[in-house]
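See below for the structure under consideration.
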Number of protein chains: 2
Amino acid sequence: MKTTTRKVTTMRMHNPPHPGAIIKTLCLEPLGVGVTQAAQALGVSRKTLSAILNGRAGISPEMAVRLSIAFDTSAESWLNQQTQYDLWHAEQRRKQLRVAKLAG
Amino acid sequence: MKTTTRKVTTMRMHNPPHPGAIIKTLCLEPLGVGVTQAAQALGVSRKTLSAILNGRAGISPEMAVRLSIAFDTSAESWLNQQTQYDLWHAEQRRKQLRVAKLAG
DNA sequence: TCAAGCGTAACCTATAAGGTTACAGATTGC
DNA sequence: GCAATCTGTAACCTTATAGGTTACGCTTGA
């Protein structure tokens, strides 16, 4: 079987899950809390939370703070997860960008 | 003289500079590169870069990748700086948010 | 069966990034 | 002095996204 060696340095490798999946499995399910109840606690609409949970919306800075309050977690960690997710998708288009080097 | 003790754990303390200031002082100035030239290299309009440098726009994921190419840096670091900046401002409104605790 | 929970479509607003064009103020070279 | 250049920015456009409300259809449990 043939294998291919690929560059690793600038690659993130594992398509990071959208943060919504983490909210669902690490926050809602362990507490037995549903979408409706969680949305009420967070102070957002059920639609807004549902969109996040299903990867159709990102975690805004304000939402990160809301999550940190409701689940006693770090707002920074939620926002960092979103950043990693966004960055991975942006890196997928790296080769399409026409950018000239100024240093390096 | 009287002093006041304040909570530190969840506080970021030093109003983080917007990433544009860092681009200017750490990338453009050392290279002697102007806004016009840098914008051309990055493949964006002069207006777009000027807005970032002067704190009137944030660094998008795509822009982070552009910066990483032009200045041979890490896209992640640029995006993390933006995240810290955004988070600090979101934290300033933490008390205004009506959120119920679900854990903790 | 019926209520509750969930996903989501349709429609609205507000904000943000990005573009082009154009103008005014500085700087610099001739 | 004068012209060229660089810069900030306003005006105006498009696109995308977060967030809201309302409403619909599906599933599931009492």
Side-chain angles (χ1 to χ4, degrees), chain A residues 18-21 23-25 27-29 31-70 75 78-79 81-83 85-90 92-94 96-99 102, chain B residues 18-21 23-25 27-29 31-70 75 78-79 81-83 85-90 92-94 96-99 102:
Chain A
H18 58 266
I23 297 175
K24 185 179 295 187
T25 64
C27 296
L28 300 195
E29 294 177 353
L31 293 173
V33 168
V35 177
T36 303
Q37 186 182 347
Q40 287 174 345
L42 289 165
V44 300
S45 72
R46 183 170 63 87
K47 176 219 161 184
T48 294
L49 180 57
S50 177
I52 292 172
L53 294 182
N54 294 286
R56 306 194 306 118
I59 295 186
S60 66
E62 181 182 301
M63 181 62 68
V65 175
R66 289 182 188 273
L67 291 169
S68 77
I69 298 173
W78 293 115
L79 224 40
Q81 286 177 52
Q82 185 63 48
T83 294
Y85 182 78
D86 292 341
L87 183 55
W88 189 87
H89 291 279
Q92 302 305 112
R93 293 162 196 62
R94 171 179 284 266
Q96 271 91 74
L97 303 179
R98 303 213 310 357
V99 179
L102 286 170
Chain B
H18 60 268
I23 297 176
K24 186 179 294 187
T25 62
C27 295
L28 299 196
E29 293 177 354
L31 292 173
V33 168
V35 176
T36 303
Q37 186 183 346
Q40 288 173 345
L42 288 166
V44 299
S45 72
R46 183 171 63 86
K47 176 218 161 186
T48 293
L49 181 57
S50 176
I52 292 173
L53 294 182
N54 294 287
R56 306 193 307 119
I59 296 186
S60 67
E62 180 182 302
M63 182 62 68
V65 175
R66 290 182 188 274
L67 290 169
S68 76
I69 299 173
W78 292 115
L79 224 39
Q81 286 177 51
Q82 185 64 48
T83 294
Y85 182 79
D86 293 340
L87 183 56
W88 189 87
H89 291 279
Q92 302 305 111
R93 292 162 196 63
R94 168 179 286 264
Q96 270 90 74
L97 303 179
R98 298 205 323 351
V99 179
L102 286 171

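Every value quoted in this text rests on a predicted model; they were computed, and no experiment measured them. By convention in this document, chain letters (A, B, ...) are assigned in the order of the sequence lines, proteins followed by strands, and residues within each chain are numbered from 1.
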I'd like to check A:Thr48 versus A:Leu42 (side-chain heavy atoms, cut-off strictly below 4.5 Å). Are they in contact?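 No, every pair of side-chain atoms sits at 4.5 Å or beyond.
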
Near-strand residues of residues 33-50 of chain B, defined as heavy-atom separation under 4.0 angstrom from DNA chain C: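 Within this stretch, B:Gly43, B:Val44, B:Ser45, B:Arg46, B:Lys47, B:Thr48 sit under 4.0 Å of the strand.
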
Would you please test B:Leu28 and B:Leu53 for side chain to side chain contact (heavy atoms under 4.5 Å, CB included) and show each step? CA-CA 10 Å; B:Leu28 299 196; B:Leu53 294 182; 3.7 Å; yes

Whole-Å distance separating the [atom1] atom of [X] from the [atom2] atom of [N]:
{"X": "B:Arg98", "N": "D:dG20", "atom1": "CZ", "atom2": "P", "result": "12 Å"}
{"X": "B:Leu53", "N": "C:dA17", "atom1": "CG", "atom2": "C1'", "result": "15 Å"}
{"X": "B:Arg93", "N": "C:dT15", "atom1": "CZ", "atom2": "P", "result": "12 Å"}
{"X": "B:Leu28", "N": "D:dC6", "atom1": "CG", "atom2": "P", "result": "14 Å"}

Of residues 54-66 of chain B, the positions that come close to DNA chain D - non-hydrogen atoms, cut-off under 4.0 Å: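 Residues of residues 54-66 of chain B that come under 4.0 Å of DNA chain D are, in numerical order, B:Asn54, B:Arg56.
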
Atom pair [atom1] ([X]) and [atom2] ([Y]), whose distance is rounded to the nearest 0.5 Å:
{"X": "B:Ile69", "Y": "A:Leu102", "atom1": "CD1", "atom2": "CG", "answer": "11.5 Å"}
{"X": "A:Thr83", "Y": "B:Gln82", "atom1": "OG1", "atom2": "CD", "answer": "9.0 Å"}
{"X": "A:Leu49", "Y": "A:Lys24", "atom1": "CG", "atom2": "NZ", "answer": "9.5 Å"}
{"X": "A:Ile59", "Y": "A:Arg66", "atom1": "CD1", "atom2": "CZ", "answer": "13.0 Å"}
{"X": "B:Leu97", "Y": "A:Met63", "atom1": "CG", "atom2": "CE", "answer": "9.5 Å"}

For the residue pair A:Asp86 and B:Pro61, what are the closest heavy atoms and their distance?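 So the minimum-distance heavy-atom pair works out to CB-CG, 3.8 Å.
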
